[in-house]
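Only heavy atoms go into these numbers, but all of them, side chains included; no hydrogens, no water, no symmetry mates. Remember, it's 1-based here, ligands and their atoms both numbered in the order they're listed.
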Amino acid sequence: MITKIMQDAMNEQINKELYSSYLYLSMAAYFEDKNLPGFAHWMRVQESEEREHAMKFYDFILERGGRVMLKALDAPKTEWTSTLEVAEEVAAHEAKVTASIYALYETALKEKDYPAQIMLQWFITEQVEEEKNAAQIVANLKLIEAHGTAVMVLDHQLGKRGGD
Ligand code: FEO
């Protein structure tokens, strides 16, 4: 059975994952408004992943005989000054999520909750991917800002070279 400390920490994490979903849905709406359906699509996919993350914690608490208790969600931001600002905010937000997953893992160690430790390892791996993807989008947008889109096209062409 899950301990009260672990249960409370995981309920907090459900809130954080659902807030991530809410924030990314707001970013998707911003991109739709700016006529950037590709960026909006990317944010929508991110948004649905965040709901899946929340449900992983939800189901884990139930499987371990705990009680899921949902909390209020903060209202997300609705306006940004640029695409780059949104991307930087996603990267910063994912870094915060990573920190909270690490804190949760520390709690699982202290509580000697071995099933939680195994479950959280999936999230630790997932956060590596999440941070990498966000950093890549920030880097690409900065490249475009500094050198225009032609450098991206050239980079793509060079990336297709076969070995000798
Ligand atoms: Fe649930 Fe993007 O981390």
Inset, instruction - I would like to know whether Asp113 and Gln117 meet side chain to side chain donor-acceptor pair (under 3.5 Å); could you show each step before the answer? - result: CA-CA 6 Å; Asp113 188 333; Gln117 289 169 30; over 6 Å; no
Inset, instruction - Output, in order, the C-alpha distance, side-chain angles, deciding distance and verdict of side chain to side chain donor-acceptor pair (under 3.5 Å) for Tyr105 and Gln121. - result: CA-CA 8 Å; Tyr105 194 80; Gln121 280 165 13; 3.2 Å; yes
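His93 places none of its side-chain heavy atoms less than 4.5 Å from the side chain of Met27. With a 4.5 Å cut-off on side-chain heavy atoms, Tyr24 and Glu49 do not count as touching. With a 4.5 Å cut-off on side-chain heavy atoms, Val97 and Gln13 count as touching.
Atom CE of residue Met10 and atom OG1 of residue Thr3 lie 9.0 Å apart, to the nearest 0.5 angstrom.
Neighbours of atom 1 (Fe) of ligand 1 restricted to protein N, O or S atoms under 2.8 Å: the count is 3.
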